[in-house]
Amino acid sequence: MSTLLFTLGLVGFFVAILVSIGLHEVGHMVPAKIFGCKVPQYFIGFGRTVWSRRRGETEYGFKAFPLGGFVKIVGMLPPGPEGPPEVERDDQGNKVVKVRQSNTGMFTQLISDARAAEWELIDPEDEPRLFYKLPAWKKVIVMASGPLMNVVIAFVLFWGLYATYGNPFDHKTEPVVSEVLDCVVPYTQDGRACTADDPVTPAKKAGIQVGDRFLSVNGVPVTSWDETTQQIRANADGKVVLTVLRDGNEVTIRTNTTVTALPASPEDPKLVDVGFLGVRATDAGPTTGGPIYTVEQMGGLTKQTVQALGSLPVKVWHVALAVAGVEERAADSPVSIVGGGRIAGEVTASDTIGVADKIVLLVALVAGFNFFIGVFNLLPLLPLDGGHIAGALWEGLRRRIARLLKRPDPGYVDVAKLLPVAYVVGAAMLVMGLVLIVADLVVPIHVA
């Protein structure tokens, strides 16, 4: 494996993710500015400032740890029931926000501290520009535009990939025989050599040949491999009449299918008894498609991502067990950005993967990370963008209900009250992220 190529792949992946993070934050910043909010900071990374420049009222820059980014929008949290915090000036004229001390618990104090920190950036002239004063629909646009930017990036990358090379994970199969199996082997032993006890396949007995194209099964026309297999699987052990195209001529073949246990479907591994002929289809290469096909594929990917998020804590727990040496790390376990970079490096440096396939895999990797980032951030939990979106939607709904019922305006939804939830979620995300980073260094997933 070439160290130089590995490094190029690793660095290229990180640069692509940093660009994606930057565009995510642009997605928040642009509508916030359009709607009149004050945006004092736009940064890539966290920690100490490495470089920054001020343009207008916004400071743009990079932080020391490029593992994320942020846009500071003034006035995210509304004041509490007691009103805005008291603001004073010290001897040097610096603003000092007095934090209200709470006797009712740690979380209440944390909320007070958060409100005070928010108010340190607010000047009297900023009052009309505070984020929490925006109409609910504008809040939704500002907070949703970040993760939707990642989804758009994923869409553009997937579309470009599917329209040119095709979908590497969705190959077309033609109803053309590429192999005639010699014997019927149990599915659980697939791949082993035939023995004297294994029955000959119906296809072998009937004289089916490589290159035969199926035209009909028991008089039912077929134009795809899926249609062909549906008819054969449903035939059980009955008689079957096949019409195939061989060397430009239609040939009729009569035989009986046999019954064997196969997975119910590509998505359902449960074994069921079905009709079996004993041929393999011809792989016609990756499926190509345009924007509609891309949307369809991303719809299926959304379902898979949501399911993966639901099982994420359990999978991370098993990754932690793998780090501890208790079990092997599963090949489909989640990876951090470090793991993604390592995979990108191994793909780039591989001697067994062609240049075109390398580009395809790297594009798919970056697109997949962007899509995951977008969907993950839309979860209705603080501190994620989806938590703010949920708060804005609830605010708009209860105000609409109040108007319909001719009741007083219930006011702004105080997301600050959910900060304890945000701290718990944030801590859980931090722990899971650290576990995955350590695992990607200690027990990494390698490209086969």
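These numbers come from a predicted model, not from an experiment.
Between the OG atom of S350 and the NE2 atom of H446 there is a distance of 13.0 Å, given to the nearest 0.5 Å. For the atom pair CD1 of I373 and CD1 of I153, the computed distance is 8.5 Å after rounding to the nearest 0.5 Å. Atom-to-atom distance recorded for Y162:OH and T164:OG1 is 11.0 Å, nearest 0.5 angstrom. Atom CZ of residue R213 and atom OG1 of residue T282 lie 8.0 Å apart, to the nearest 0.5 angstrom. Rounded to the nearest 0.5 angstrom, I21 CD1 and E25 CD are separated by 8.0 Å. Distance CG/L134 to NZ/K139: 7.0 Å, rounded to 0.5 Å.
Within 6.0 Å of the CZ atom in F65, the count of heavy atoms belonging to other residues, nucleotides or ligands does not exceed 12. The 12-atom threshold is exceeded at CG of L405, counting heavy atoms of other residues, nucleotides or ligands nearer than 6.0 Å. Annotation for W159: atom CH2 does not count as buried by contact number, only 12 or fewer foreign heavy atoms lying within 6.0 Å. Heavy atoms of other residues, nucleotides or ligands lying less than 6.0 angstrom from CZ of R48 number 12 at most. Atom CZ of F62 sits in a sparse spot, with 12 or fewer heavy atoms from other residues, nucleotides or ligands closer than 6.0 Å.
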**Q.** side chain to side chain contact (heavy atoms under 4.5 Å, CB included) between Y165 and D357, worked out
**A.** CA-CA 9 Å; Y165 177 91; D357 290 335; 2.8 Å; yes
Q: Please lay out, stage by stage, how V74 and V39 fare under the test side chain to side chain contact (heavy atoms under 4.5 Å, CB included).
A: CA-CA 6 Å; V74 171; V39 183; over 6 Å; no
Q) Checking side chain to side chain donor-acceptor pair (under 3.5 Å) for the pair T58/K33: CA distance, chi angles, key distance, verdict? A) CA-CA 10 Å; T58 304; K33 287 194 170 192; 2.8 Å; yes
Q | side chain to side chain contact (heavy atoms under 4.5 Å, CB included) between R280 and V177, worked out | A | CA-CA 6 Å; R280 297 193 195 280; V177 178; over 6 Å; no
Q | Derivation and outcome, side chain to side chain contact (heavy atoms under 4.5 Å, CB included), residues V151 and M298 | A | CA-CA 9 Å; V151 174; M298 290 180 69; 4.0 Å; yes
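Contact check on R129 versus E57 returns a salt bridge, with a Lys/Arg side-chain nitrogen under 4.0 Å from an Asp/Glu carboxylate oxygen. Look at R399 and D409 and you find a salt bridge, because one of the NZ, NE, NH1 or NH2 atoms lies within 4.0 Å of a carboxylate O, short of that distance. Salt-bridge annotation for E59 and K72: absent, with no side-chain N of the basic residue lying under 4.0 Å from a carboxylate O of the acidic one. A salt bridge between D440 and R329 is present, with a side-chain N of the basic residue lying under 4.0 Å from a carboxylate O of the acidic one.
Annotation: side chain of K315 is not in contact with side chain of M432 (no heavy-atom distance under 4.5 Å). At a threshold of 4.5 Å between non-hydrogen side-chain atoms, the residues L215 and V222 do not count as touching. Contact check for E179 versus V279: no side-chain heavy atoms found under the 4.5 Å cut-off. The closest side-chain heavy-atom distance from V259 to V274 is not below 4.5 Å. You'll find the side chain of F131 stays beyond 4.5 Å of the side chain of L77, heavy atoms only. By the 4.5 Å heavy-atom criterion applied to side chains, Y187 and P263 are counted as neighbours. Two residues are said to be in side-chain contact when any heavy atoms from C-beta on lie closer than 4.5 Å; L262 and V272 fail this criterion. Within the 4.5 Å cutoff, side-chain heavy atoms of I445 are placed close to those of S333.
Heavy atoms only, all atoms of each residue included: A402 and P408 are closest at CB-O, 3.7 Å. The two residues V26 and P31 have their closest heavy-atom pair at O-CD, 4.1 Å. Taking all atoms of both residues into account, the shortest heavy-atom contact from E395 to G411 is CG-O, 4.1 Å. For the pair P147 and L378, the tightest heavy-atom approach, listed with the atom from each and the gap, is CG-CD2, 3.5 Å. Closest of all the heavy-atom pairs between A344 and F13 is CB-CB, 3.6 Å. Nearest approach of L441 to R342, heavy atoms of both residues: O-NH1, 3.9 Å.
The side chain to side chain contact (heavy atoms under 4.5 Å, CB included) test applied to A428 returns no partner, not counting sequence neighbours. Under the salt bridge (Lys or Arg N to Asp or Glu O under 4.0 Å) criterion, R55 pairs with no residue, sequence neighbours left out. Remark: T223 engages E227 in a side chain to side chain donor-acceptor pair (under 3.5 Å) (not counting sequence neighbours). Listed by chain and number, the residues in a side chain to side chain donor-acceptor pair (under 3.5 Å) with S145 amount to none (sequence neighbours excluded). Scored by the salt bridge (Lys or Arg N to Asp or Glu O under 4.0 Å) test, K358 finds no partners at all (sequence neighbours excluded). For R400, the side chain to side chain donor-acceptor pair (under 3.5 Å) test picks out no residue, with sequence neighbours left out. Under the ring pair (Phe, Tyr, Trp, His ring centres under 6.0 Å) criterion, F70 pairs with F43, sequence neighbours left out. D332 meets the salt bridge (Lys or Arg N to Asp or Glu O under 4.0 Å) test with no other residue; sequence neighbours excluded. Every residue meeting the side chain to side chain donor-acceptor pair (under 3.5 Å) condition with T49, not counting sequence neighbours, appears here in chain and number order: K63. Listed by chain and residue number, K38 satisfy the salt bridge (Lys or Arg N to Asp or Glu O under 4.0 Å) test with D126 (two or more places apart in sequence, or in another chain).
In this structure, the side chain of S178 engages the main chain of A281 through a donor-acceptor pair within 3.5 Å. In this structure, T228 contributes its side chain and P175 its backbone to no donor-acceptor pair below 3.5 Å. A donor-acceptor pair under 3.5 Å links the side-chain atoms of R398 to the main chain of Y412, judged by distance alone. Here the side chain of T287 pairs a donor or acceptor atom with the backbone of D170 at under 3.5 angstrom.
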Mind listing the side-chain donor-acceptor pairs of residues 380-389 below 3.5 Å, one per line with the distance, residues two or more places apart or on another chain?
unit_1	atom_1	unit_2	atom_2	d
D385	OD1	H28	NE2	3.4
D385	OD2	H24	NE2	3.3
D385	OD2	H28	NE2	3.1

Less than 3.5 Å apart, which donor and acceptor atoms pair up between the side chains of residues 360-371 and the rest of the protein, not counting sequence neighbours?
unit_1	atom_1	unit_2	atom_2	d
N370	OD1	S20	OG	3.1
N370	OD1	N150	ND2	3.0
N370	ND2	S20	OG	2.9
N370	ND2	V366	O	3.0

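A side-chain donor from one of Q297 and N167 sits under 3.5 Å from a side-chain acceptor of the other.
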